[in-house]
Student: 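Provided herewith is a single structure, encoded as structure tokens, for subsequent inquiry.
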Amino acid sequence: MGGRALNASTGIADEALGPTITIGEILVEIMATTIGEGFRESQPLTGPFPSGAPAIFIDQIAKLGGGCGIIAAVGDDDFGWLNINRLEADGADVSAIAVLADQPTGSAFVRYRADGSRDFVFNIARSAAGHVRLTDQARTLIDRAGHLHVMGSAFAIPAIGAIVLDALRTVRAKGGSVSLDPNVRKELLSGGQGREALDEVLAQADLLLPSGEELFAAAGVADEAEAIESLLARGAREIVVKRGKAGASVFSASGRLDLEAFQVEELDPTGAGDCFGATYLTCRRKGMSMEQALRYANAAGALTVTRRGPMEGTCGFAELDSFIASQEGKPTP
Ligand code: ATP
Ligand code: MG
């Protein structure tokens with residue numbers, strides 16, 4: 001079992017312990033090219049783009065040169081291979097992505113409304129994405145992992161709870177750390193077993209990466225300070241709150257730190273939270289300070305929203321450094 005190989009200054013397992021892994025949906029995203037309400041008429045579309053919150057998260061880690069892999073399932077079709085080829089080319093471990101002969105790859109059709117909100121048509125639970133299993137390859141990846149990241153969105157997959165809990169216990173026993181993005185879509189949460197597993201991950205996570213309302217849902221209270229206090233008291237070491245174009249904050253035993261967002265023109269916000277979270281986590285696993293991790297994460301989130309397509313904005317440190325340099329000295333709003 002060995003002692004916890006946690007980096008004393010971060011509370012998050014050092015990269016040397018093993019790759020960051022996640023479990024969940026791989027999808028293609030197909031986007032409407034016009035603004036409007038949903039899909040009840042024929043219209044121009046663009047895509048397919050590689051997608052799925054867990055897949056975007058892993059791709060961003062790979063771009064940063066971090067060890068990473070994903071447990072997932074796709075169909076033996078072009079949508080599946082589009083994703084596998086992208087993740088592999090970017091450096092992620094794709095050995096635990098099952099290619100299913102008899103299920104199509106999952107999909108999400110998205111169209112933006114004038115107010116910036118989105119209409120979706122999802123095909124997840126009844127696609128290959130909904131058939132993630134604890135295969136031998138998944139077991140091997142879990143055994144190698146140093147950090148488990150759990151995506152709330154993945155709880156749309158019926159059998160995910162048991163796999164997540166298995167990975168949680170294995171990674172913990174080895175001294176690894178755990179993070180959670182509670183981006184749960186209540187309408188997609190697949191019943192009691194998923195709920196219980198999610199609650200256990202919430203209770204055990206070292207790092208939480210919520211957006212505003214998710215923070216309150218996780219803590220069960222409607223005041224930010226109270227929610228933070230309650231989650232820190234329950235054992236989270238760091239809580240990073242994502243605030244869209246208002247930036248982000250990190251809360252820990254050593255207090256609070258706020259950073260403004262970089263000023264960019266938002267073209268497509270999908271994936272910002274995933275790239276942000278992956279960058280924060282990877283920087284911390286590399287031993288960077290909370291402030292430095294938050295700055296890189298802010299830059300990764302900002303860059304993502306300037307590119308169309310959920311996984312098209314992932315980027316490495318060189319690109320983040322030149323983006324940050326280009327932003328320095330810009331007037332604040
Ligand atoms: P999603 O679930 O859609 O991926 P999220 O709600 O999890 O997103 P956001 O808060 O929207 O996450 O975005 C994450 C981070 O990305 C923000 O905290 C910020 O740093 C950056 N970001 C997002 N939108 C913008 C923007 N319009 N301008 C600059 N930075 C942005
Ligand atoms: Mg989110």
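Remember, it's 1-based here, ligands and their atoms both numbered in the order they're listed.
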Student: Out of all atoms in ligand 1, which are within 4.0 Å of some heavy atom of Asn298? Include the element for each.
Tutor: 19 (C), 20 (O)
Student: Would you mind running through ligand 1 and noting each atom that sits below 4.0 Å from a heavy atom of Lys245?
Tutor: 24 (N), 25 (C), 26 (C), 27 (N), 28 (N)
Student: Identify the two heavy atoms, one from Leu208 and one from Ala236, that lie closest to each other, and give their separation to 0.1 Å.
Tutor: CD1-CB, 4.0 Å
Student: Given side chains that start at C-beta, do those of Pro269 and Tyr112 come closer than 4.5 Å, heavy atoms only?
Tutor: yes
Student: Is the contact between Glu266 and ligand 1 made by the side chain, the backbone, both, or neither, using heavy atoms and a 4.0 Å cut-off?
Tutor: side chain
Student: Would you check whether Arg118 reaches within less than 4.0 Å of ligand 1, judged by its heavy atoms?
Tutor: yes
Student: Listed by chain and number, what are the side chain to side chain donor-acceptor pair (under 3.5 Å) partners of Ser249, not counting sequence neighbours?
Tutor: Arg243, Asp258
Student: Between Arg111 and Glu41, does at least one N-O distance fall below 4.0 Å, as a salt bridge requires?
Tutor: yes
Student: State which residue, out of Thr105, Leu27, Leu100, fulfils the side-chain contact (heavy atoms from CB on, under 4.5 Å) condition with Val74.
Tutor: Thr105
Student: Applying salt bridge (charged side-chain N to carboxylate O under 4.0 Å, His left out) to Asp268 and Arg118, what does each step give before you reach the verdict?
Tutor: CA-CA 11 Å; Asp268 177 6; Arg118 290 171 276 189; 5.7 Å; no
Student: Check each atom of ligand 1 against the heavy atoms of Ala261 and keep those under 4.0 Å away; list them by number with element.
Tutor: 29 (C), 30 (N)
Student: Test of understanding: given a 4.0 Å heavy-atom threshold, classify the contact between Glu260 and ligand 1 as side chain, backbone, both, or neither.
Tutor: neither
Student: Judging by distance only, is a nitrogen or oxygen of Gly247 under 3.5 angstrom from one on ligand 1?
Tutor: yes
Student: Which ligand 1 atoms does Ser211 reach within 4.0 Å, using its non-hydrogen atoms?
Tutor: 5 (P), 6 (O), 7 (O)
Student: Do any nitrogen or oxygen atoms of Phe276 lie less than 3.5 angstrom from nitrogen or oxygen atoms of ligand 1?
Tutor: no
Student: If you look only at pairs with a residue in residues 304-318, which of them pass as a salt bridge (charged side-chain N to carboxylate O under 4.0 Å, His left out), with sequence neighbours excluded?
Tutor: Arg86-Glu312, Arg307-Glu319
Student: Run the numbers for me: atoms of ligand 1, each under 4.0 Å from some heavy atom of Val264, listed by number.
Tutor: 28 (N), 29 (C)
Student: If you count the atoms of ligand 1 from 1 in the order shown, which ones are under 4.0 Å from a heavy atom of Gly271?
Tutor: 4 (O)
Student: Exactly one of Leu64, Asp59, Thr304 should register a side-chain contact (heavy atoms from CB on, under 4.5 Å) with Cys275. Which one does?
Tutor: Thr304
Student: With a heavy-atom distance limit of 4.0 Å, tell me whether Arg243 approaches ligand 1 through its side chain, its backbone, both, or neither.
Tutor: backbone
Student: Let me confirm one number: the CG-CG distance from Asp274 to Asn183, rounded to the nearest 0.5 Å.
Tutor: 6.5 Å
Student: Just going by heavy-atom distances, which of Ala53, Ser249, Pro310, Gly244 is nearest to atom 11 (O) of ligand 1?
Tutor: Gly244
